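Inspection log for the structure reproduced underneath, given as C-alpha cells.
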Amino acid sequence: MRILIGCDHAGFHLKEDLKAYIQSLGYEVEDYGVHQEEAYDYPDVAFRVAEDVARGRGDRGILICGTGVGMAIAANKVRGIRAALCHDVFSARASREHNDANILTMGERVIGKGLAREIVRVWLQSEFQGDRHARRVAKIRAYEERKTEA
Ligand code: RB5
C-alpha cells in the first residue's frame, strides 16, 4: 500500500515522525512536503495530496497541520475524497470501517506522537466493511457527482 503524506509548517515535526513510523510498518510512503518549519499554506499541499489519492497515484493520504481541521476542509473539496479528522483510535477505525475514509488528517498542536502513531496504525490496518455502509457512502458519491455536473 502506497501512502501519500503531507503537512504545513505546523505539522512538520509530526509528519516527519509519522513518515518514519509508517515506513517501519512496511508501507511505501511518498512525502509531499513541507520539509521545514517556514510558513506554508495548508490548502496547497492538501489539494496536491488529495488529487493524487483521487486519481489513484496513492492508496491513501495522511495530512497534518496544526489542528487537522484546515487539511480536512480542503481535502474534502476534492471529488472522490473522504477525509476524516481523527484524534482518537475509535474514530480512526470507524472512519475506515464505516466511511471508507481515504485521507486521515490530524493536528500536531492537538495530540502527541504516541497517540498519533497508534491512530495511524489502526487507520491503515482497518478495512471498509461495505454492506449498509456502502449504501451510505454511495449516497455521498451520488450527491458529489450531481454537484460536479451542475
Ligand atoms: C497554521 O497556523 C494553522 O492555522 C494550520 O496549521 C491549521 O491548523 C489550520 O487548520
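Note that the structure is predicted; figures quoted are calculated from it, not measured. When a ligand or atom number is given, it counts from 1 through the structure's own listing order.
Side-chain N or O atoms of Asp41 include none that pairs as donor or acceptor with a backbone N or O of Asp44 at under 3.5 Å. Judged by distance alone, the side chain of Glu97 and the main-chain N or O of Ser126 form no donor-acceptor pair under 3.5 Å.
Taken from CE in Met106 to CH2 in Trp123, the straight-line distance is 9.0 Å, to the nearest 0.5 Å.
Distance screen at 4.0 Å: atom 10 (O) of ligand 1 has a protein heavy-atom neighbour inside the cut-off.
Residue contacts with ligand 1, taken as heavy atom pairs separated by less than 4.0 Å, involve Asp8 solely via side-chain atoms from C-beta onward. Contacts of Ala10 with ligand 1, taken as heavy-atom pairs under 4.0 Å, involve the side chain alone.
Residue contacts with ligand 1 include His9, since one of its heavy atoms falls under 4.0 Å from the ligand. Using a 4.0 Å heavy-atom cutoff, Glu108 is absent from the residues neighbouring ligand 1.
A heavy-atom distance below 4.5 Å is found between the side chains of Arg60 and Met1. Looking at heavy atoms from C-beta onward, Val120 lies in side-chain contact with Leu104 at the 4.5 angstrom threshold. A 4.5 Å side-chain heavy-atom check between Arg109 and Thr67 finds every atom pair outside the cut-off.
For ligand 1, the atoms lying closer than 4.0 Å to a non-hydrogen atom of Gly66 are 5 (C), 6 (O), 7 (C), 8 (O).
Inclusion of Gly68 in the set of residues having an N or O under 3.5 Å from an N or O of ligand 1 is not warranted. The shortest N/O to N/O separation between Val69 and ligand 1 does not fall below 3.5 Å. Below 3.5 Å of separation, one finds no N or O of Tyr42 facing any N or O of ligand 1.
Smallest separation of non-hydrogen atoms from Glu38 and His9: O-CB, 3.3 Å.
Between the side chains of Tyr32 and Asp52, at least one donor N or O sits under 3.5 Å from an acceptor N or O.
Among protein heavy atoms, atom 2 (O) of ligand 1 sits closest to Arg109 NH1, 3.3 Å. The closest protein non-hydrogen atom to atom 7 (C) of ligand 1 is Cys65 SG, 3.4 Å.
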